[in-house]
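First up is the structure itself, then whatever we jot down about it.
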Number of protein chains: 2
Amino acid sequence: MNCPPTKAAKVRPPLQGNPRRTRQEHSQEIALDYVELIAELIATTGAARVTNLARRLGVTHVTVNRTIQRLQRGGLVNAQPYRSILLTEAGRKLSEESRRRHEIVVEFLKSLGVPDAVAHLDAEGMEHHVSRKTLSAFVKHLERCGRHQPPQ
Amino acid sequence: MNCPPTKAAKVRPPLQGNPRRTRQEHSQEIALDYVELIAELIATTGAARVTNLARRLGVTHVTVNRTIQRLQRGGLVNAQPYRSILLTEAGRKLSEESRRRHEIVVEFLKSLGVPDAVAHLDAEGMEHHVSRKTLSAFVKHLERCGRHQPPQ
DNA sequence: CCATATTTGTAGCCTGTGCTACATTTTAGC
DNA sequence: GCTAAAATGTAGCACAGGCTACAAATATGG
């Protein structure tokens, strides 16, 4: 494997700048949404089927299928044809972190007086962009303010 | 089945479910990042050049180029080869909304005790997922807690 | 137990974002 | 003014996420 002259892979510069770029983050967000939902479906209905996921995610079963394949390559799920999708240990762990984070964000928003439905919707988008530090600031705020104070 | 099997465009069902799906949102987020940055570069340096954008976004100039083409198709920017990129009226408007939103989120996070650097970083990811209602809850919180310098 | 409905899988297309490699145009220096 | 460097543009590849159309497996109801 001495580098064939063809390409040489050109050492890429550290790629500093805004780390949020790198499309990869987007697919990681999607992965989290999937494992979170798979865990939920298993918990509530006993199984995570492709069609269920598709309906819940608002995409076709084809999209789900391919994403599941990717997650399997990444070692997050364990899927066999025509069977319910299972989470690996890694997937389960990830789903729990994700769920915890999700719930904190929801609670936090509600504590600000954001209506339930909106809180859930926004949390879904925000949760993947909340750093550890910000998350703990949310927790601290929740502790300070006791619980959720209704709007008005 | 006299329906001509060829194409028929099949009326797509409403595609309810989680509206956050629909990959399109992702490219919309990127569009906002671009117009926001273009506005900033014009404001601070007088011009928005491809290379500048690329450096700031942490991607290659090629990626910037193609995205700019897409934004131009969408009527947000006005670009001529080898010239500085200009915002259209629509682009300017969008960039201002985006900036305002961004600043509110940053101020809000800071008011919770999140360190400046983290606040900026997280805001960049979060800002695209904060609904109007949540945003106004942020504003209300800022007002309640004093340190509000409303980003006009 | 078989016919049909539902679910799941596969093929193939499009778009968007990322890249490298290379071509072209501007800009700077001499 | 001309040459070299920098900036910009173009071609073409890879991958992810979206889709429709169609095929195959599984479930369900006579």
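Just so we're on the same page: letters track the sequence lines, and every chain starts at 1.
Take A:Arg92 and apply the side chain to side chain donor-acceptor pair (under 3.5 Å) test, not counting sequence neighbours, and it matches A:Glu89. By the side chain to side chain donor-acceptor pair (under 3.5 Å) test, B:Gln28 pairs with no residue at all, sequence neighbours left out. Applying the side chain to side chain donor-acceptor pair (under 3.5 Å) criterion to B:His61, with sequence neighbours excluded, gives no partner residue. Listed by chain and number, the residues in a side chain to side chain contact (heavy atoms under 4.5 Å, CB included) with A:Ala90 are A:Leu76, A:Thr88 (sequence neighbours excluded). Every residue two or more places apart in sequence or in another chain that forms a side chain to side chain contact (heavy atoms under 4.5 Å, CB included) with A:Thr134 is listed here: A:Val130, A:Ser131, A:Phe138, B:Leu109, B:Val114, B:Val118, B:Asp122.
Regarding A:Ile30, its CD1 atom lies at a distance of 13 Å from the P atom of C:dT17, rounded to whole Å. Rounding to whole angstrom units, CZ of residue B:Arg55 and P of C:dG18 are separated by 18 Å. With rounding to whole Å, A:Ile85 atom CD1 is found 12 Å from C:dT7 atom C1'. Whole-Å rounding puts the B:Leu32 CG to C:dT17 P distance at 12 Å. D:dG17 atom P lies 11 Å from atom CD of A:Gln24, rounded to whole Å. Between the CG atom of B:Leu57 and the P atom of C:dG18 there is a distance of 8 Å, rounded to whole Å. Atom pair B:Glu25:CD and C:dT15:C1' shows a separation of 16 Å (rounding to whole Å applied). Protein atom CG of B:Leu53 is 13 Å distant from nucleotide atom C1' of D:dA7, rounded to whole Å.
Scanning residues 62-80 of chain A for heavy-atom distances under 4.0 Å to DNA chain D yields A:Val62, A:Thr63, A:Arg66, A:Arg70, A:Arg73.
Here A:His26 and A:His128 keep their ring centres 6.0 angstrom or further from each other.
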Just the atom pairs and distances: protein N or O near nucleotides 22-27 of chain C's N or O, under 3.5 Å.
unit_1, atom_1, unit_2, atom_2, d
C:dT24, O2, B:Tyr82, OH, 3.3
C:dT25, O4', B:Tyr82, OH, 3.0

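Between A:Glu107 and A:Lys110 there is a salt bridge, since a side-chain N of the basic residue sits under 4.0 Å from a carboxylate O of the acidic one.
Pairs passing the side-chain hydrogen bond (donor to acceptor under 3.5 Å, both in side chains) check and including a residue from residues 75-86 of chain B, sequence neighbours excluded, do not occur. Sorted by first and then second residue, the side-chain hydrogen bond (donor to acceptor under 3.5 Å, both in side chains) pairs with a member in residues 35-50 of chain B read B:Glu36-B:Ser98, B:Glu40-B:Arg56; sequence neighbours excluded.
Listed nucleotides: C:dC19, C:dG16, C:dT8. Nearest to the side chain of A:Thr51: C:dT8.
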